[in-house]
Amino acid sequence: METGIACCARGVLLPSVSSQHSSSALLSPSFSSKGLKSSALFGESLRIAPRSSLKILKAKNSETLVTKCEIGDSLEEFLSKATPDKGLIRLLTCMGEAIRTIAFKVRTASCSATACVNSFGDEQLAVDMLANKLLFEALTYSHFCKYACSEEVPELQDMGGPVEGGFSVAFDPLDGSSIVDTNFTVGTIFGVWPGDKLTGVTGRDQVAAAMGIYGPRTTYVIAVKDIPGTHEFLLLDEGKWTHVKDTTEIGEGKMFSPGNLRATTDHPEYSKLIDYYIKEKYTLRYTGGMVPDVNQVIK
């Protein structure tokens with residue numbers, strides 16, 4: 001089943017362009033830094049814009065609404081300025097709550113490939129299934145999600161929300177769950193589409209997309225339709241999300257993150273690409289997880 005999750009995840013598994021800060025990985029050989037500015041990963045949101053917190057968007061009444069999304073805003077403050085859609089605000093806030101809980105579970109649970117057990121012994125799910133459960137619960141609790149599916153449960157699940165004014169969500173609950181044991185960074189990624197369709201849709205149809213990154217810090221990176229760029233929120237010790245960074249363009253660099261190097265034996269062109277990167281002295285940066293690699297690109 002080809003769902004919208006493909007636009008959020010599968011389409012960015014190959015190596016590509018890095019950030020201007022030379023700390024980013026490469027995504028796909030078919031992408032250029034120019035292409036990434038409106039890539040499928042975050043729909044049309046990631047594109048060149050002035051490095052300013054001034055955001056302009058169209059309200060439903062077609063009047064132009066000018067609002068200022070500032071560094072230091074809480075997640076709720078940012079969303080209230082970024083979109084007039086109360087349902088979308090509610091959904092993204094609930095997903096933020098789930099990401100906060102997953103961060104705690106990943107940090108405190110004793111995890112193996114088959115189960116996570118906390119100090120009270122009451123968690124008996126594999127860590128990716130635990131994250132999957134929490135995210136489905138958050139979507140139900142939002143009351144604005146009509147359908148959802150995940151990498152773990154690819155069949156459409158009715159979340160009880162409305163079709164009119166509601167949304168459908170596709171997600172990977174814990175990308176990189178197999179490397180939790182080694183204490184590498186892992187993450188959650190999801191896309192949000194209007195209405196009740198997750199098939200026959202593209203990344204550009206999204207109204208929002210986001211990632212949760214669980215590493216030395218826990219961050220929540222959001223893109224909202226018609227608001228240029230991606231917007232990073234840091235989880236503070238007191239459990240609140242605070243807006244810490246905007247990224248509105250990605251420059252050239254010399255790093256690469258090749259996924260599935262075994263494929264070089266079956267695909268000569270892929271092998272040539274890897275040889276080119278090595279010959280040109282590109283720096284290899286590969287975490288073993290797609291979400292942290294993508295996060296490195298937009299940093």
Side-chain angles (χ1 to χ4, degrees), residues 1-14 16 27-28 30-31 35-47 57-58 60 79 82-96 98-99 131-132 135-136 138-175 187-212 220-231 259 290-291 294-295 297-298:
M1 174 180 171
E2 185 67 18
T3 68
I5 194 96
C7 299
C8 286
R10 297 186 197 128
V12 289
L13 286 175
L14 297 177
S16 175
L27 269 180
S28 165
S30 63
F31 283 92
L36 274 168
K37 290 160 190 169
S38 58
S39 73
L41 177 65
F42 286 108
E44 291 291 341
S45 293
L46 190 55
R47 57 178 180 262
L57 57 94
K58 291 284 187 179
K60 288 184 177 179
L79 291 173
T83 175
D85 193 322
K86 302 300 183 185
L88 184 59
I89 292 172
R90 169 77 177 174
L91 189 148
L92 291 173
T93 301
C94 288
M95 291 296 271
I99 288 170
N132 192 67
L135 290 162
F136 272 120
L139 291 171
T140 301
Y141 184 70
S142 76
H143 302 299
F144 279 94
C145 181
K146 177 56 182 173
Y147 288 116
C149 66
S150 75
E151 184 179 52
E152 306 298 332
V153 184
E155 300 80 13
L156 286 183
Q157 305 295 304
D158 194 334
M159 299 288 99
V163 175
E164 186 68 29
F167 305 93
S168 293
V169 179
F171 62 91
D172 185 342
L174 200 64
D175 172 66
T188 295
I189 187 168
F190 66 90
V192 183
W193 285 261
D196 60 350
K197 292 187 182 298
L198 282 174
T199 54
V201 294
T202 70
R204 290 180 176 84
D205 299 323
Q206 292 176 109
V207 292
M211 302 185 298
Y220 185 22
V221 180
I222 298 174
V224 180
K225 187 176 183 180
D226 296 327
I227 303 297
T230 62
H231 311 280
M290 190 209 70
V291 169
V294 170
N295 187 55
V297 167
I298 64 176

Query raised in the report: Taking atom CG of Asp158 and atom OG of Ser168, what is their separation to the nearest 0.5 Å?
Result: 9.0 Å
Requested in this report: Find the distance between CG (Leu198) and CG (Asp205) and round it off to the nearest 0.5 Å.
Outcome: 11.0 Å
Query raised in the report: What distance do Cys145 atom SG and Asp196 atom CG have between them, rounded to the nearest 0.5 Å?
Result: 11.0 Å
Report task. Keeping the roles fixed (side chain from Glu155, backbone from Val153), state whether a donor-acceptor pair exists under 3.5 Å. Result -> no
Requested in this report: Before giving the answer on side chain to side chain contact (heavy atoms under 4.5 Å, CB included), spell out for Trp193 and Val207 the whole-Å C-alpha distance, their side-chain angles and the decisive distance to 0.1 Å.
Outcome: CA-CA 6 Å; Trp193 285 261; Val207 292; over 6 Å; no
**Report entry** Heavy-atom check, side chain of Met95 versus side chain of Val192, under 4.5 Å
**Finding:** no
**Report entry** Non-hydrogen atoms of Pro173 and Ala131 that approach each other most closely
**Finding:** O-CB, 3.7 Å
Query raised in the report: What distance do Ile227 atom CD1 and Thr83 atom OG1 have between them, rounded to the nearest 0.5 Å?
Result: 7.5 Å
Query raised in the report: How close do Cys94 and Tyr141 get, heavy atom to heavy atom, and via which atoms?
Result: SG-CD2, 3.9 Å
Requested in this report: Drop me the distance from Ile222's CD1 to Thr230's OG1, to the nearest 0.5 angstrom.
Outcome: 10.0 Å
Requested in this report: Give a yes or no answer on whether the side chain of Asp175 reaches the backbone of Met290 with a donor-acceptor pair at less than 3.5 Å.
Outcome: yes
**Report entry** Closest approach of Pro228 to Asp226 (non-hydrogen atoms, all atoms of both residues)
**Finding:** CD-O, 3.7 Å
Query raised in the report: If you round to the nearest 0.5 Å, how far is CD1 of Ile189 from CE of Met211?
Result: 6.0 Å
Query - Residue pair Leu135 / Ser150, side-chain heavy-atom distance below 4.5 Å - result: no
Report task. Mind telling me whether Phe190 and Tyr220 have parallel, tilted or perpendicular rings, with 30° and 60° as the class edges? Result -> tilted
Requested in this report: With sequence neighbours left out, write down each residue that passes side-chain contact (heavy atoms from CB on, under 4.5 Å) with Phe144, or none if nothing qualifies.
Outcome: Arg90, Ser142, Phe167
